Amino acid sequence: MNQSTVEKPALEREIEELEARYSSANPRSRVQLSMARRVLPGGNTRAALHYDPFPVFIESAEGARVIDVDGHSYVDFTNDLTAGFYGHSHPVILADIRSALDNGISFGGPHRYEEALAKAICSRFSSIERVRFCNSGTEANLVAMGLARAVTGRPLVLAFHGGYHGSFANYLGAETPLNVDKPRLRFARFNDEEDVRRVLEKDGAQTAAIIIEPMMGSGGGILADPTFLANLRVIADECGALLIFDEVQTARFSPGGLQDLVQVRTDLTTLGKSLGGGLTFGALGGRADLMDLLDPSLPGAIGHGGTFNNNVLTMIAGQVGLTKVATAEALHGANARGDRLRQSLFSAARARGLVLSIGAYGSILSLHFQPKAPCNPAEIATTPVQRKLFHLDMLLRGFYVQRRGTINLSLATTDEDCTAFTEAFVGFLDRYSAFLPGDNTRCKQGSHAL
């Protein structure tokens, strides 16, 4: 049945019943949130982890599972919003961190582990000749935009509606008060070359950089068209701007990130999340002539500091993760597993006459209950209620997922985990099909192939 033919009270009753089941199953999480709110605004310090009626509180994590304070064990398909790509408590990474602890946690000076991680990154990303570390993807993106302005002497940066480059560069919706450089930003539609040219026709001479996620993460798991990305390279060169790829999430898709898959050479690349091996991490890399402007030994160097930029534990975890865990074979295997899961979920919806599009790429899947995969955030038609039904139902079935509908596999995720997830998804479809859109035409898998 199409959602438009269902009476609103029926949907409301389903939501109320689902929330009641969820609340009854998670009493300790509910109490923990109440206590946390006494000292933390909203009960935690990461807005992306909030959802109603309350989030489950995690007690421990290992491999492909997380366990909450009520003792429920979940197969993890959130994986710390892509940051946990190596799996929880990977034994190889843990062994090196434990060994490092005996030598000290904070050195306050340069060390060989810093160079080792930098060497690993430069050897994998063809566009990165030098790299500079920081504490998050947010920092990396802010430094990248600032460096572009300094290099070009231009004030403006072109970004994209619905993009997310961190908590101070959040372009998901209405203007965010915490955003920096608001007057010096211009925006175009994602995957729309004509709109990019329209914006730059007016402001191209003042534009220092074009910054883009080659696959929008928080904006809906929307993959950029390879031709669009290639044309951005041309457009940036035409107007004298730098091209910045935010690969904080997409670096996992190949040893050299998504940029190597689409064969677009960037001027600067920002990294974060999983490349820290599970610890706090950010990095900015790119052309040597650009990055060397941050070299403090050179005259007129641009200052860039940060107490924990070269945190020894992160440097070790990151280097071990890149060289011993995230091998080319492992990345290929995760992408292939994601593609198989994508096909299984799509087939389950199609068999029931339901509309489903699945975007993103490889080991990241983005589910949209709509006939056409969105090319930009404005085309997302899946409703918040549909997201809530899916999210809470899957949690009750033992799968830790995000409210936004993005599924993140880790290197610890198995074929058996994916099979179990598909079976749970089938149960969700069967229970709530009356509230999901149906169509007589074929479902759309979305643009996940390059």
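Bear in mind the structure is a predicted one, so any value in this text is a computation, not a measurement.
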Discussion item. If you define the side chain from C-beta out and look only at heavy atoms, does anything of M291 sit under 4.5 Å from E129?
Written reply: no
Practice prompt. Check whether any side-chain heavy atom of F245 sits under 4.5 Å from a side-chain heavy atom of L268, and report yes or no.
Written response: no
Worksheet item: Going by atom types alone, do N135 and N309 pair a side-chain donor with an acceptor below 3.5 Å?
Response: yes
Response to the item:
residues 287-316 vs salt bridge (charged side-chain N to carboxylate O under 4.0 Å, His left out), sequence neighbours excluded, gives R130-D292, D267-R287, R287-D289
Worksheet entry | Minimum-distance pair of heavy atoms, taken over all atoms of L284 and A144 | CD1-CB, 3.6 Å
Worksheet item: Does a donor on one side chain sit under 3.5 Å from an acceptor on the other, for T270 and E247?
Response: no
Worksheet item: Has the side chain of R252 got a donor or acceptor atom that lies under 3.5 Å from a matching backbone atom of A326?
Response: no
Practice prompt. Apply side chain to side chain contact (heavy atoms under 4.5 Å, CB included) to R186 and list each qualifying residue two or more places apart in sequence or on a separate chain.
Written response: L156, L158, V199, D203
Practice prompt. Report the residue from E201, E193, E194 that forms a salt bridge (Lys or Arg N to Asp or Glu O under 4.0 Å) with R197.
Written response: E193
Worksheet entry | Nearest-0.5 Å distance that lies between atom CZ in R404 and atom OG1 in T78 | 9.0 Å
Item to complete: Using a cut-off of 6.0 Å, state whether more than 12 heavy atoms not belonging to F187 lie near its atom CZ.
Response: yes
Discussion item. What verdict does the side-chain contact (heavy atoms from CB on, under 4.5 Å) test give for L356 and L354, after you've listed the backbone C-alpha separation in whole Å, the side-chain angles of each residue and the deciding distance to 0.1 Å?
Written reply: CA-CA 6 Å; L356 178 70; L354 297 173; over 6 Å; no
Discussion item. Are more than 12 heavy atoms, taken from residues, nucleotides or ligands other than E62, located less than 6.0 Å from that residue's CD atom?
Written reply: no
Worksheet item: Are side-chain heavy atoms of S29 and F54 found at a separation under 4.5 Å?
Response: yes
Worksheet item: If you look at every heavy atom in S274 and Y86, which pair is closest and at what distance?
Response: O-CE1, 3.4 Å
Fill in: Considering all heavy atoms, the nearest I380-G219 contact
CD1-O, 3.4 Å
Discussion item. Could you measure the distance from the CZ atom of F281 to the OG1 atom of T314? Nearest 0.5 Å is fine.
Written reply: 8.5 Å
Discussion item. Using modelled atom types and a 3.5 Å cut-off, is there a donor and acceptor pairing between side-chain atoms of T327 and backbone atoms of A330?
Written reply: yes
Worksheet item: How far apart are the C-alpha atoms of I210 and I244, what are their side-chain angles, what is the distance that settles it, and do they pass the side-chain contact (heavy atoms from CB on, under 4.5 Å) test?
Response: CA-CA 6 Å; I210 299 172; I244 304 171; over 6 Å; no
Practice prompt. Using side chain to side chain contact (heavy atoms under 4.5 Å, CB included) as the criterion, point out the one residue from L409, N408, T250 that pairs with I364.
Written response: N408
Worksheet item: So, does E379 use its side chain to make a donor-acceptor pair with the main chain of P374 at under 3.5 Å?
Response: no
Discussion item. For the CD1 atom of I93 and the CG atom of D96, what is their distance to the nearest 0.5 Å?
Written reply: 8.5 Å
Worksheet item: Does Y171 have its ring centroid less than 6.0 Å away from the ring centroid of Y164?
Response: no
Worksheet entry | D417-T414 side chain donor-acceptor pair, cut-off 3.5 Å | yes
Worksheet entry | Any side-chain donor near an acceptor of the partner, S73 and R65, under 3.5 Å | yes
Practice prompt. Say whether, by atom type as modelled, one donor and one acceptor occur between the side chain of D68 and the main chain of I58 under 3.5 angstrom.
Written response: no
Item to complete: Would you check if the side chain of N141 reaches a backbone N or O of G137 as a donor-acceptor pair within less than 3.5 Å?
Response: yes
Discussion item. With side-chain hydrogen bond (donor to acceptor under 3.5 Å, both in side chains) as the criterion, how do S126 and D260 come out once you've worked through the C-alpha distance, each side chain's angles and the decisive distance to 0.1 Å?
Written reply: CA-CA 8 Å; S126 59; D260 271 13; 3.0 Å; yes
Fill in: Donor-acceptor pair, side chain of R124 and main chain of P255, under 3.5 angstrom
yes
Worksheet item: Any side-chain heavy atom of R184 sitting closer than 4.5 Å to one from V157?
Response: no
Practice prompt. Step through the shown structure and confirm whether more than 12 heavy atoms of other residues, nucleotides or ligands are within 6.0 Å of NZ on K202.
Written response: no
Item to complete: Could you give me the CA-CA distance, side-chain angles and deciding distance for F253 and L261, then say whether side-chain contact (heavy atoms from CB on, under 4.5 Å) is met?
Response: CA-CA 8 Å; F253 291 147; L261 293 177; 3.9 Å; yes
Fill in: H368 side-chain N/O to Q370 backbone N/O, donor-acceptor pair under 3.5 Å
no
Fill in: Nearest heavy-atom neighbours spanning A317 and I97
CB-CD1, 3.9 Å
Worksheet item: Going from OG1 on T266 to CG on L258, what distance comes out if it is rounded to the nearest 0.5 angstrom?
Response: 11.5 Å
Worksheet entry | Flag if over 12 foreign heavy atoms under 6.0 Å of CZ, R98 | no
Worksheet item: Are F428 and F390 an aromatic pair by the rule of ring centers under 6.0 Å?
Response: yes
Worksheet item: Atom CD1 of I316 and atom OG of S99: how far apart are they, to the nearest 0.5 Å?
Response: 7.5 Å
Worksheet item: D246 side chain to V248 main-chain N or O, any donor-acceptor pair under 3.5 Å?
Response: yes
Worksheet entry | N/O donor-acceptor pair under 3.5 Å between T422 side chain and C418 backbone | yes
Discussion item. If you take the centroid of each ring, where Trp contributes its six-membered ring, are F107 and H111 closer together than 6.0 Å?
Written reply: yes
Worksheet item: With a 3.5 Å cut-off and no angle check, do the side chains of H332 and R337 form a donor-acceptor pair?
Response: no
Practice prompt. For residues V143 and H304, determine if any side-chain heavy atom of one lies less than 4.5 Å from a side-chain heavy atom of the other.
Written response: yes
Discussion item. We want to know whether D76 and H88 form a side-chain donor-acceptor pair, criterion being a heavy-atom distance below 3.5 angstrom.
Written reply: yes
Discussion item. Within the structure provided, determine whether N311 and S106 are in side-chain contact (heavy-atom separation under 4.5 Å).
Written reply: no
Discussion item. Under a 3.5 Å threshold, yes or no: a donor from one side chain and an acceptor from the other, between E213 and Q249?
Written reply: no
Item to complete: Over all heavy atoms of both residues, which pair between G338 and L365 is shortest? Give the atoms and the distance, please.
Response: O-CD2, 3.8 Å
Practice prompt. Report the C-alpha separation of K388 and D52 in whole Å, then their side-chain angles, then the decisive distance to 0.1 Å, and conclude whether the side-chain contact (heavy atoms from CB on, under 4.5 Å) test is met.
Written response: CA-CA 9 Å; K388 185 173 184 176; D52 66 311; 2.5 Å; yes
Practice prompt. Report yes if some heavy atom in the side chain of C122 is under 4.5 Å from a heavy atom in the side chain of I128; otherwise report no.
Written response: yes
Discussion item. If we ignore hydrogens and angles and just use 3.5 Å, is the side chain of Q343 paired with the main-chain N or O of R340 as donor and acceptor?
Written reply: no
Worksheet item: Only one of I235, I212, N191 clears side chain to side chain contact (heavy atoms under 4.5 Å, CB included) with V196; which?
Response: I235
Worksheet item: Can the ring centres of H391 and Y51 be said to be less than 6.0 Å apart?
Response: yes
Worksheet item: Where is the tightest heavy-atom contact between H161 and M216, given as atom of each residue plus distance?
Response: O-CE, 3.2 Å
Item to complete: For residues F308 and T280, determine if any side-chain heavy atom of one lies less than 4.5 Å from a side-chain heavy atom of the other.
Response: no
Discussion item. Measuring from atom NE2 of H165 to atom CZ of F160, what distance do you get when rounded to the nearest 0.5 angstrom?
Written reply: 8.5 Å
